[in-house]
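Beneath this line is the structure, given in structure tokens, with notes to follow.
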2 protein chains.
Amino acid sequence: MTVGREAVLDVIAQSDEHLSAEDIYMKIHPFYPAVGLTSIYRTLDILVSIGLVRKLDFGHGRAKYELAEDSNGKGHHHHLVCRGCGRIIDYNDFIDEELALLKKTEESLSRKYNFRIDNHLIQFYGFCDTCKKPER
Amino acid sequence: MTVGREAVLDVIAQSDEHLSAEDIYMKIHPFYPAVGLTSIYRTLDILVSIGLVRKLDFGHGRAKYELAEDSNGKGHHHHLVCRGCGRIIDYNDFIDEELALLKKTEESLSRKYNFRIDNHLIQFYGFCDTCKKPER
DNA sequence: AATGATAATGGAAATCGTTTCCATTAACAC
DNA sequence: GTGTTAATGGAAACGATTTCCATTATCATT
Ligand SMILES: [Mn+2]
Ligand SMILES: [Mn+2]
Ligand SMILES: [Zn+2]
Ligand SMILES: [Zn+2]
């Protein structure tokens, strides 16, 4: 665990947003100008592979990262994604009911398709408070 | 509706797979060598925007397209994505139960976050029949 | 301290799906 | 035909991520 890696993990742990590799680079750079973007990517891969960090794709062309649920204090959650401004809302309302059904669904799908499921992705798309008023 | 656009829609309608822009290009090219990849992308954008086609991202670095559910004969469905070979399985088992809960969840989330939800994305990730035996 | 083996690093260049530019062509009304 | 507009394809640009590679840090062994 080097200083650069520590810094990446710190930034993710401190932030309650979903950060891109470049976001992280920008936050680290003032304090550790020697840490390059390539290392950020490398470190993120490692953190994801050991399960400390989750990589997310909201369809904005760049991957975002958040602390894995074991460590993030808000537990497992899903996302609301605004197609207007790109805002992302974490929610865990109904998460219990959702997870119960998901579990059941996963079991049956696993059996039927002989598929080992180890993850799921659930996102709702639409327009947030601010963006829905105008047109469309 | 030009010949190139017709061809793109045809290919998507005929196929029961999830096709990338390049997949579509390759299928069309032998019959219409004059249709370029740029036009495929342009046409796909249009088809998506008028709701005939759905654009999907399974995290394989390129977008995939399928016929929108109104026209695809299999109705609304979700996806199982194999992280080994990239295979994608359409399923609609449990879709009724899932949709009922989703509807309820959407309503409450909409109210709570003042968010207009008009779409959702549900994918299960794991390893398919073929890929799960080896290691990991 | 010198040596050597190994892991980590950062910057430049490459990659690759997608978009943008732009000059050419098709379609259509008058 | 003339002019106006929409559609087209190929080349070039774009941008996030990866790959390459020469340099540097780490650390155990002499
Ligand atoms: Mn989140
Ligand atoms: Mn499908
Ligand atoms: Zn918004
Ligand atoms: Zn597979």
Side-chain angles (χ1 to χ4, degrees), chain A residues 1-12 15 17-50 52-66 81 83 85-86 88 121 123 125, chain B residues 1-12 15 17-50 52-66 81 83 85-86 88 121 123 125:
Chain A
M1 183 54 88
T2 67
V3 52
R5 293 178 180 178
E6 194 89 42
V8 171
L9 187 53
D10 272 1
V11 164
I12 299 176
S15 173
E17 299 168 77
H18 305 87
L19 302 171
S20 70
E22 204 186 352
D23 291 339
I24 295 169
Y25 176 75
M26 307 259 251
K27 293 208 181 221
I28 287 181
H29 193 248
F31 303 99
Y32 303 93
V35 176
L37 186 53
T38 305
S39 284
I40 308 279
Y41 276 109
R42 254 189 312 242
T43 301
L44 286 170
D45 282 350
I46 294 169
L47 294 176
V48 167
S49 76
I50 62 181
L52 269 181
V53 166
R54 192 150 74 121
K55 181 177 185 177
L56 296 166
D57 179 1
F58 298 111
H60 299 326
R62 62 185 66 184
K64 305 274 193 121
Y65 299 83
E66 70 178 7
V81 183
R83 268 208 292 277
C85 63
I88 292 154
L121 174 68
Q123 296 173 359
Y125 286 86
Chain B
M1 182 54 85
T2 67
V3 53
R5 291 179 180 175
E6 195 87 41
V8 171
L9 187 52
D10 272 1
V11 165
I12 299 177
S15 173
E17 299 168 75
H18 304 86
L19 302 170
S20 69
E22 204 186 351
D23 291 339
I24 295 168
Y25 175 74
M26 307 258 253
K27 293 208 181 219
I28 286 181
H29 193 250
F31 302 98
Y32 303 94
V35 176
L37 186 54
T38 306
S39 284
I40 308 277
Y41 276 109
R42 252 187 314 239
T43 301
L44 286 171
D45 282 350
I46 294 170
L47 293 176
V48 168
S49 76
I50 62 180
L52 269 181
V53 167
R54 193 151 73 121
K55 181 178 184 175
L56 297 165
D57 179 1
F58 298 110
H60 298 325
R62 64 187 62 186
K64 304 273 195 121
Y65 298 84
E66 70 179 8
V81 183
R83 268 209 293 276
C85 63
I88 292 155
L121 175 67
Q123 296 173 0
Y125 286 88

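By convention in this document, chain letters (A, B, ...) are assigned in the order of the sequence lines, proteins followed by strands, and residues within each chain are numbered from 1.
- Per the geometry, CD1 belonging to A:I46 stands 16 Å off C1' belonging to D:dT17, to the nearest Å.
- Place B:H60 and A:V3 on DNA chain C by their nearest nucleotides, and A:V3 ends up nearer the 5' end.
- The backbone N or O of A:A7 lies less than 3.5 Å from no partner atom in the side chain of A:D10, so there is not a single donor-acceptor pair.
- In this structure, A:T2 reaches the C:dT9 phosphate: one of its side-chain N or O atoms is under 4.0 Å from OP1 or OP2.
- In this structure, the nucleotide among D:dT17, C:dT18, C:dG10 sitting nearest to the side chain of A:V35 is C:dG10.
- Closest contact between the side chain of B:T38 and the listed nucleotides D:dA7, D:dA11, C:dG10 involves D:dA11.
- Atoms CD1 (A:I28) and C1' (C:dG10) sit 14 Å apart, rounded to a whole Å.
- Side-chain proximity of B:R42 to the nucleotides C:dT9, D:dT19, C:dC21 is greatest for C:dC21.
- Summarising the geometry, the separation between CG on A:D57 and P on D:dT17 is reported as 9 Å, rounded to the nearest angstrom.
- Going from atom CG of A:D23 over to atom C1' of D:dA16 covers 13 Å, rounded to whole Å.
- You'll find the side chain of A:L56 stays beyond 4.5 Å of the side chain of A:Y65, heavy atoms only.
- Counting only heavy atoms from C-beta on, A:K55 has its side chain closest to D:dT18 among C:dG17, C:dT18, D:dT18.
- Here the side chain of B:E22 is nearest to one of C:dT18, C:dG17, C:dG10, namely C:dG17.
- Straight-line distance from the CZ atom of A:R62 to the P atom of D:dT18: 14 Å, rounded to whole Å.
- With C:dT9, D:dT17, C:dT19 as the candidates, the nucleotide lying closest to the side chain of A:R5 is C:dT9.
- The interatomic distance linking A:Y41 (OH) with C:dA13 (C1') rounds to 15 Å, in whole Å.
- Side-chain contact between A:Y25 and A:I40 is present, with heavy atoms from C-beta onward closer than 4.5 Å.
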Worked check of side chain to side chain contact (heavy atoms under 4.5 Å, CB included) between A:L44 and A:I24: CA-CA 10 Å; A:L44 286 170; A:I24 295 169; 3.9 Å; yes
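- We find that CG of A:L37 is positioned 9 Å from C1' of D:dA16, with the value rounded to whole Å.
- Separating the CD1 atom of A:I40 from the C1' atom of D:dT17 is a distance of 14 Å, rounded to the nearest angstrom.
- When atom types are taken as modelled, the side chain of B:S15 and the backbone of B:V11 share no donor-acceptor pair closer than 3.5 angstrom.
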